[in-house]
Amino acid sequence: MFSKKVILTFLQAQVAAFLGGITDYGLMILLTEVFKLHFTFSILISGTVGAIINFSINRFWVFKNQCGYNSRINSQLFKFALVVLGSISLKSFGTLVLQSVFQIDYRIGRLITDSFVSYGFNYPLIKYWVFKVNEKQNVIESN
């Protein structure tokens, strides 16, 4: 059904997301609890830092076959930035809705929101748009 390479790539991407995410989440807590920023602003700042970590790991480890990339790093950074803006917006809005409407603590709401955003938004866009590989390179690797 799924090749070993597809599964390995997915698992590596989850490690990258986890490392970026744990940095993001920890920094959000720090900024909100210690520096008393509203959690929506904390998510913006921490999401940016987490995104830098996530991009670096994805570019140089998960999707490391740089010669097969469909676009240069500048294009990848731009696309990744767009994904991050969408992701941060969804996380902020989702966390705010869960906290305001359902009275769920922002820390728990953020974890709930992150799980949906990560698998339903981030991963597909990062894999198939940001780090899209050239079809010729893909064919060569599969042989």
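Only this structure's heavy atoms are used, side chains among them; waters, hydrogens and symmetry mates stay out.
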Mind checking whether [X] and [Y] sit in one hydrophobic cluster, side chains of I, L, V, M, F, W, Y counted as touching below 4.5 Å?
X      : Y      : answer
Val101 : Ile43  : no
Leu85  : Leu90  : no
Ile112 : Phe93  : yes
Ile88  : Phe116 : no
Ile22  : Leu44  : yes

Side-chain contact test, heavy atoms from C-beta onward, threshold under 4.5 Å: evaluate it for Ile57 versus Val15 and give yes or no. no
Can you list the steps and then say if Phe131 with Phe55 is a ring-ring contact (aromatic ring centres under 6.0 Å, His included)? CA-CA 10 Å; Phe131 294 111; Phe55 178 83; 5.5 Å; yes
Take Ile45 and Thr48 through the side-chain contact (heavy atoms from CB on, under 4.5 Å) test and state the conclusion after the steps. CA-CA 5 Å; Ile45 296 165; Thr48 302; 5.9 Å; no
Once rounded to the nearest 0.5 Å, what's the spacing between atom [atom1] of [X] and atom [atom2] of [Y]?
X      : Y      : atom1 : atom2 : result
Ile29  : Phe39  : CD1   : CZ    : 11.0 Å
Phe121 : Lys91  : CZ    : NZ    : 10.0 Å
Phe80  : Ile52  : CZ    : CD1   : 9.5 Å
Asp114 : Tyr119 : CG    : OH    : 10.5 Å
Thr95  : Ile104 : OG1   : CD1   : 10.0 Å
Lys79  : Leu125 : NZ    : CG    : 11.0 Å

Would you find a donor on one side and an acceptor on the other, under 3.5 Å apart, between the side chain of [X] and the backbone of [Y]?
X      : Y      : answer
Ser118 : Ser115 : no
Ser46  : Asp24  : yes
Asn54  : Gly50  : no

Step by step, would you call Arg107 with Leu111 a side-chain contact (heavy atoms from CB on, under 4.5 Å)? CA-CA 7 Å; Arg107 292 168 286 216; Leu111 292 173; over 6 Å; no
Verdict with reasoning, Tyr123 to Phe10, per side-chain contact (heavy atoms from CB on, under 4.5 Å): CA-CA 9 Å; Tyr123 181 74; Phe10 177 78; 3.5 Å; yes
Nearest atoms (heavy-atom pairs only) where [X] meets [Y]:
X      : Y     : result
Ala51  : Val84 : CB-CG2, 3.3 Å
Thr23  : Leu19 : OG1-O, 2.9 Å
Val130 : Val83 : CG2-CG2, 3.9 Å
Ser42  : Leu37 : OG-CB, 3.5 Å
Val117 : Ser87 : CG1-OG, 3.5 Å

N-O pairing of Asp105 and Arg110 below 4.0 Å: no
Step by step, work out the side-chain contact (heavy atoms from CB on, under 4.5 Å) result for Ile108 and Leu98. CA-CA 9 Å; Ile108 304 299; Leu98 291 174; over 6 Å; no
